[in-house]
Amino acid sequence: MSHSAESGRTTLADYRLALSTRQARLPIIASLLARLPVAMVGIAELLYVQHETGTYATAGLVSASTLVGVAVGSVAQGRLMDRFGPTRPLLVVAALFGITVAALTLAIEAHVSTPVLVVLAFGIGVFEPSCGSASRALWGRLLPSGPALTAAYSYEAISMEVFFILGPGLAGALIAAPWPGTGMVLAASCMILGAVLFALSPAVRAWPPAARTDTTLLGALASPGMRTLALAALGFGMVIGFVEVAVPAAATEAGNTAMGGVLLSVWSVSSVIFGILFSLRPWPRSLGLRLPVLLALFGAGVALLAWPSTLWGLASAMLVAGALITPQSTSHSMTIELVAPKNVAAEAFGWVLTAVTLGLALGQSVSGHLVERSGPPLAFLTAAGCAFVLAGIVWWRKATVRAAEPERADRALV
């Protein structure tokens with residue numbers, strides 16, 4: 001076994017090898033279409049509801065309901081994809097997603113009551129096609145364990161960061177279109193098209209149904225290592241949730257509300273750049289240590305956001321904090337390869353997405369209260385404290401991940 005395989009280190013050649021795999025070409029293009037609007041749907045939905053109702057309170061409830069729906073739907077979809085293969089579940093949820101988006105659009109235009117909007121928004125989240133989970137799981141079927149697979153996971157994380165840079169900007173621009181629902185409908189249409197193309201690609205159609213096995217209600221989360229990973233993902237999402245509320249609030253306090261979105265894009269830029277560099281020489285080598293160390297460093301980086309007194313200073317601190325986003329996302333994917341039970345990769349990725357989404361919702365809600373009472377600095381420091389606490393728990397549970405690493409090394413030697 002090579003040193004690079006053992007440590008998860010990649011080279012640019014590994015990226016070329018992964019992305020030029022013949023069977024992966026159509027799924028790559030299709031998943032790009034499906035995932036491009038991921039960061040756009042929620043923002044476009046929020047802006048559309050606010051435009052029609054005139055209140056951010058209703059818009060926030062609708063947006064939060066969609067997040068909860070995504071948290072529920074990602075695990076359920078992952079379990080169905082593992083059981084039956086991705087093609088049929090993705091085609092069904094894409095159709096239901098389109099119906100639900102149409103229903104919510106009509107409801108918004110009809111100015112129905114808030115509870116109805118919240119229920120329909122939850123449905124949008126549940127039926128949002130989980131192409132991200134399926135795409136990550138597919139790489140494990142197309143490539144053997146080693147640097148090329150690590151590069152593929154890094155590509156997935158980096159591409160998502162690019163989408164999070166582009167998505168909010170596109171949603172903000174399209175709210176100024178003649179019809180304010182343009183952004184939400186366009187994003188949903190792009191997602192449906194990408195999901196259908198992905199589901200019908202030869203590599204995905206060749207994904208065989210899993211053999212029937214006796215599973216618990218927790219499914220992939222029954223694995224102790226998966227529970228450790230879920231805690232790390234929860235902390236990761238929670239910290240981001242705190243920042244996504246506190247940074248725009250800091251920009252508003254400085255008298256430049258429009259800079260809030262720009263600042264959030266800044267940390268995505270550093271995430272993309274550092275994500276590539278980190279994959280060339282990852283640290284720590286052991287994933288059991290990498291999960292808590294990266295989460296703790298992420299918390300320390302976010303703590304720095306509490307001190308700048310100018311937006312330029314905050315932007316500089318955002319560059320530092322953002323550098324730890326993609327390395328964590330890539331490490332989460334690599335850890336699934338170690339700790340997820342056999343034949344449940346899509347569900348395992350769904351659990352990670354659920355943990356991140358729940359962390360986002362929790363972080364955003366708490367951050368909103370802290371910002372209103374004491375200002376953004378306290379929200380940044382609280383985010384750091386949450387990261388340190390969860391990193392400590394993950395550190396304490398690191399043996400559940402490290403126990404699987406010798407087995408991974410043995411597979412790499414075969």
Side-chain angles (χ1 to χ4, degrees), residues 8-10 12 15 19 31-32 35-40 42-43 132 135-136 150-170 232-248 250-251 259-284 290-305 308 313-335 349 352-353 355-357 359-360 363-364 380 383-384 387 391:
R9 182 185 303 175
T10 64
L12 295 180
Y15 282 93
L19 299 179
S31 68
L32 287 176
R35 294 181 296 134
L36 171 61
V38 164
M40 183 180 172
I43 299 294
S135 179
R136 290 181 177 92
T150 301
Y153 288 145
S154 183
Y155 156 78
E156 291 284 331
I158 290 167
S159 62
M160 282 304 299
E161 283 303 310
V162 173
F163 300 150
F164 274 93
I165 294 171
L166 297 176
L170 289 173
L234 178 72
F236 173 64
M238 193 182 300
V239 173
I240 293 177
F242 272 97
V243 173
E244 285 184 343
V245 172
V247 165
M259 277 295 293
V262 175
L263 288 170
L264 291 176
S265 294
V266 164
W267 85 337
S268 292
V269 170
S270 67
S271 172
V272 169
I273 295 172
F274 191 76
I276 297 173
L277 297 176
F278 183 85
S279 69
L280 302 179
R281 191 175 290 273
W283 178 87
R290 195 179 304 172
L291 292 177
V293 168
L294 291 182
L295 180 56
L297 290 175
F298 190 36
V302 169
L304 296 176
L305 305 182
L314 184 59
S316 300
M318 290 286 287
L319 284 171
V320 175
L324 274 300
I325 295 177
T326 295
Q328 287 182 92
S329 183
T330 303
S331 298
H332 295 165
S333 295
M334 293 175 64
T335 304
F349 280 109
V352 171
L353 177 60
V356 172
T357 303
L360 280 169
Q364 288 175 356
F380 293 134

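In terms of heavy atoms, Ala317 sits closest to Leu305 at CB-CD2, 3.3 Å. Of all heavy-atom pairs spanning Ala246 and Phe380, the tightest one is CB-CE2, 3.5 Å. The two residues Gly299 and Ala387 come nearest to each other via the heavy atoms CA-CB, 3.6 Å. In terms of heavy atoms, Leu294 sits closest to Trp283 at CD2-O, 4.1 Å. Of all the heavy atoms in Gln364 and Gly241, the pair that sits closest is CG-O, 3.5 Å.
With hydrogens and angles disregarded, no donor-acceptor distance shorter than 3.5 Å links the side chain of Thr326 to the backbone of Gly275. Judged purely by atom type and a 3.5 angstrom limit, Thr330 has no side-chain atom pairing as donor or acceptor with the backbone of Pro327.
Put simply, CD on Gln328 and CZ on Arg290 are 11.5 Å apart, with the number rounded to the nearest 0.5 Å. The structure places OG1 of Thr150 at 11.5 Å from CG of Leu280, a figure rounded to the nearest 0.5 Å. In this structure, the separation between CG on Leu277 and OG on Ser154 is 10.0 Å, given to the nearest 0.5 Å. Distance CG/Leu360 to CD1/Ile240: 6.0 Å, rounded to 0.5 Å.
With no hydrogens or angles considered, no side-chain donor-acceptor pair links Ser331 and Tyr153 at under 3.5 Å. Side-chain contact of Glu156 with Ser333: a donor-acceptor pair under 3.5 Å is absent, judged by distance alone.
Checked against the 6.0 Å centroid threshold, His332 and Phe236 count as a close aromatic pair.
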- Task: Begin from the C-alpha positions of Ser159 and Arg35 and carry the test side chain to side chain donor-acceptor pair (under 3.5 Å) through to its verdict.
- Result: CA-CA 9 Å; Ser159 62; Arg35 294 181 296 134; 3.3 Å; yes
